[in-house]
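Comments concern the structure below.
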Protein chains: 4
Amino acid sequence: MSTSAQPTKIKVGIVGATGYTGVELLRLLAQHPHAEITAVTSRQESGMPVADMFPSLRGHVDAVFKTPDEAALDQCDVVFFATPHGVAMKEAQQLVDKGVKIIDLAADFRLQDTALFEKWYKMPHACPDILKESVYGLVEIHREKIAQARVVGNPGCYPVTVLLGTAPLWSPEKALVEARVVADCKSGVSGAGRKAAVGSLFSEASDNFKAYGVAGHRHHPEISAQLKALNGGKDVHLTFVPHLVPMIRGMFSTLYLRILPEAMGTDFQALYEQFYANEYFVDVMPAGAVPETRSVRASNKIRIALQRHDDQLIVMVAQDNLVKGASGQAVQNMNLMFNLPEQTGLEHVAILP
Amino acid sequence: MSTSAQPTKIKVGIVGATGYTGVELLRLLAQHPHAEITAVTSRQESGMPVADMFPSLRGHVDAVFKTPDEAALDQCDVVFFATPHGVAMKEAQQLVDKGVKIIDLAADFRLQDTALFEKWYKMPHACPDILKESVYGLVEIHREKIAQARVVGNPGCYPVTVLLGTAPLWSPEKALVEARVVADCKSGVSGAGRKAAVGSLFSEASDNFKAYGVAGHRHHPEISAQLKALNGGKDVHLTFVPHLVPMIRGMFSTLYLRILPEAMGTDFQALYEQFYANEYFVDVMPAGAVPETRSVRASNKIRIALQRHDDQLIVMVAQDNLVKGASGQAVQNMNLMFNLPEQTGLEHVAILP
Amino acid sequence: MSTSAQPTKIKVGIVGATGYTGVELLRLLAQHPHAEITAVTSRQESGMPVADMFPSLRGHVDAVFKTPDEAALDQCDVVFFATPHGVAMKEAQQLVDKGVKIIDLAADFRLQDTALFEKWYKMPHACPDILKESVYGLVEIHREKIAQARVVGNPGCYPVTVLLGTAPLWSPEKALVEARVVADCKSGVSGAGRKAAVGSLFSEASDNFKAYGVAGHRHHPEISAQLKALNGGKDVHLTFVPHLVPMIRGMFSTLYLRILPEAMGTDFQALYEQFYANEYFVDVMPAGAVPETRSVRASNKIRIALQRHDDQLIVMVAQDNLVKGASGQAVQNMNLMFNLPEQTGLEHVAILP
Amino acid sequence: MSTSAQPTKIKVGIVGATGYTGVELLRLLAQHPHAEITAVTSRQESGMPVADMFPSLRGHVDAVFKTPDEAALDQCDVVFFATPHGVAMKEAQQLVDKGVKIIDLAADFRLQDTALFEKWYKMPHACPDILKESVYGLVEIHREKIAQARVVGNPGCYPVTVLLGTAPLWSPEKALVEARVVADCKSGVSGAGRKAAVGSLFSEASDNFKAYGVAGHRHHPEISAQLKALNGGKDVHLTFVPHLVPMIRGMFSTLYLRILPEAMGTDFQALYEQFYANEYFVDVMPAGAVPETRSVRASNKIRIALQRHDDQLIVMVAQDNLVKGASGQAVQNMNLMFNLPEQTGLEHVAILP
């Protein structure tokens, strides 16, 4: 465990902790050596002990759900929004004014382009100024900016896999692959959240496999915008097909790219290993290996493996959608924003079997 | 396949076919040689082709959901109610008056005692007279009455297992066991129906096991009343603990009874085999065997096995909760009510694996 | 149900019926109106009633496992080989000589090129002459030849999805797409068979998702050879990545192709609908729909849907790997070889939920 | 996290770490602040890095599997045996002689009666003397003895639930319940271990529920012997029916006891709360609550709830079979044997969802 001279703990608030990213934040923060959960809000469940809703937390979390008003969020050091899209942006200004940092796990600060946000999320953006200063919270790509940020937009789960899965390829010096990605992505059902919906019922999702959102998924513009940035401002054509897997946690993305004729000699395995050599949470697996989602279950690691078939490059990426794809990533952002070693409280070994 | 002189097909209506017992009725009736689905109602989905909601029926069912008014239910020969409790009893009188037979898959005609009904279902009974003439639709116990019935109350899923699992024991001549049953019952999640509810979400129910309804489940009074009838009018003390299993279909009940000292010499295996010798749908397994739910998946069979440990009798019962525990049982009732061989359209082999 | 003037039933033998394709053949044939199971072999289980191993068959199948010698296979009209690769080819000559037709569910008659067979299956081919006359049993493509065949090589499960999923595209008149397919395929665990293997354990495969066989899968040469044939003898570059889904049955393939500039105006939806207009088992879903594996669970249907994103064509295909992907396909072949209506005994509605 | 003055870490050896209790030990010990994994043995996998077999450990465990000979187990402070029954008893004497403590996760030191051991495990006991001094490692019952023990027999998974689930009832002063327990127990599939066996295949165990071992399970004599000890040396009649649940981890036991007439006034809820008031790992849930296995997934907690129906007492117990039911319990024993706070390295919050 990392030790640190931090004399006091970070006071943490969580807004909307009744969903899966919320309870995952609670799990991680309850075991974080330098964080203290001081406010947990839910309008609907106000007054209920958090551990009554999530008995896994019995004996670990004493907090009681409060309404946002009672919760004194402005006395926190940082507030996580584990809320539906559109909530954080309404509260951001007043919290920022009080010096409270914000990490939003929804989409309010993921798309810098307000027009794009409004198109995909069907609502006007409530705080374009703060949006402008906010940082896209993918640590391995934007580490320096995040460390300085007051407001971080935590990435969507799918984008993490596609972006980290292709980041080493967008060489500024020399194009290695066509600027075109086919992302065949598979997610566990917890990605749909804890809201009552027929499509997420056990009897609908179990023993079944399907694609969804093929005609257009909200993560498409997010991935596209970030790919473009990674590619030096040049567009990358993205085909993105999400699928639903009958498992609770886990995300697996199979990415298909075409190697350019002039780059056929590239050692992609070496390229990836070098690119991620110093990243604690990114595991480039040895040549020939294939990741599986359970190898990262309940862990903040993301594992990447490469395969090549002639000029076709195949990148396989596995993460836990609720950890590296959401709440673990958010805590990693927090660590950075409070000058803690990045892996603090995030070193849990994956649960296998 | 059974053949019959029936010149015309039975005209069948299904009220509330958007749930799991509804789609299972549609599956069975679409393949039934002597039934014709002539009306399928759903207020909410009126106008939608049934096969759009349930793509498994594409190419097999052409019906379109209609409102109850449009559906001309009174021109059916029989109407199945696959509705929430309290619907069938409001429609029963007018259908019966038109000569339409009724099979209710909800609880409206399961409890003969209206006070008991009102206590457990929190609503007054709308047609006590029809209730009086209605028959409890457990074929193996009430075959003759069902054949004559105008209104049948299809049994609850748990009751089928406990009643068929103990029926041979309630000898009128000689008591064999204490009048006391511990029923430890386990159900797949489809038993909770197709309504959006957090507790039935994949991410809640998968990879999990729990008891529920321990303090009181609506099937308790139903089982108790039927056990008393089986036991010659004498009360049978029932402890009933239902559990939720992370599987879609299937119900397994483990029943514990104590053999009376004077009955210690009984050959219970022979007793059961004899009792069910002529029942097509009840399979008394050989001594030493143990049933499993997949051996009846999507089939109308119910399998029973016995084990004995000193004076403790252990009865294990497996059925598909949506077939023998609901829609298959209902079709079996229909066959009887229309003078067809009982197994007509119900001979499907279980799906394994 | 189809009726037929067939005075007698087809006498069927099944070699190696202890695996999943075997028990699925037993399920389908036990309910087939014109088939009679006369021999079921297993060296290891000789003497055991089939229904003792597969209790789902209790009351439906009376056969007892026999050794191949006892089983008098040469008195059958047709013998299915549900065996490991390499068994059928050793028995084929003597059965064919006696006038027995053969349907092999393994790979012995899938690859016409013996060198290719030997490379991928690590054994010499035992009957190259019979291989030459054998037919690849994908009915929708080779219907006429199958009807005349003495020996049919039933296709691999993955190939069925890729071949039927792209068949309409390989227009002889005009190229519509690049001769290049990315096939991102997902299979339920039953595809690995019923052999004891750590990787197929519940505790390994459940709540997990992974790719496998990325470096080279035996279905690759099979698909490639058939694609080439469909494409008028011109090679089609294939990238094939199989994945393992935590479900028992079901296969879902997402196929990615690039539309050629000169074919951008093509109405692919209409093309597919027309191509498969008369195919009972192939369901081209309406525009915008997405298939799911449970919509074909335990059924012989295969459902296809199309999506398009600029010049990227996305074809989604769902089947039950044990039915249309194996045993159902085999029975469809048998029907054809014995001049029965193709859908005889294969009209079961899918099991949902 | 507990801190301690321990200047050096406990040197730990694990014999047979290729199974599920082995990898769970590795997970727990890799994160244990006062343990150091110094030897991991496997005859078969000798030379392979542990993290190659279990990629969840990549980046956390550097050890390589060694043969027992190479592993220098005698230089460990403690050796865990995560082996089949019969291995530890052969190695115990020589390790004990070198001052190495032993914790056996198999059954070699669970039954004090060698005749009983030989009857149920079909082998003579190899070290009856060490068996005599060994302690049954159920911490909440035998804490003092364990702290002094050189050899601990870690309890079976089912016994933990039945023993902790009934321990408060066996009052030395006054009998509260009949000396008779019906234990209806349900286990996740990981309880069957990581060995290749058809019955544990995904396609066999998924979407299925069954009883097994009804005629006699090896945990029966273990539970009986311990119940007798708890009951002041008086026999307790045990009916024990284990069932297999389609989930990886988790065990749920529903225990049925009859309250004696003279004890009908007892407040059992208060009795349990008091009995376990100081136990960190035993959670007596509030009246009316019902445990579920996921509330302890990957955690060392065991949760108990009570329900009463007339004179019938129902005790529901949930644990993770691989943690409190095996490897967590083993580490808890280690902590005690090395004078560490009991919860050291065992405070992980359960994974939900």
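Below, chain A is the first sequence line, B the second, and so on; all start at residue 1.
Residues from residues 183-195 of chain B that place a non-hydrogen atom less than 4.5 Å from a non-hydrogen atom of chain A comprise B:V189, B:S190, B:G193, B:R194, B:K195, given in numerical order.
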Given A:Y20 and B:L201, is the side chain to side chain contact (heavy atoms under 4.5 Å, CB included) satisfied, shown in steps? CA-CA 12 Å; A:Y20 293 140; B:L201 291 179; 4.0 Å; yes
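Around CG of B:D62, the count of heavy atoms belonging to other residues, nucleotides or ligands within 6.0 Å does not exceed 12.
At a 4.5 Å heavy-atom cutoff, the contact between B:A197 and chain A is made by backbone atoms alone.
Separating the CZ atom in B:F202 from the CD atom in A:E204 is a distance of 12.5 Å, to the nearest 0.5 Å.
For the set B:A205, B:A196, B:S203, B:S200, the entry with the most heavy-atom pairs within less than 4.5 Å of chain A is B:S203.
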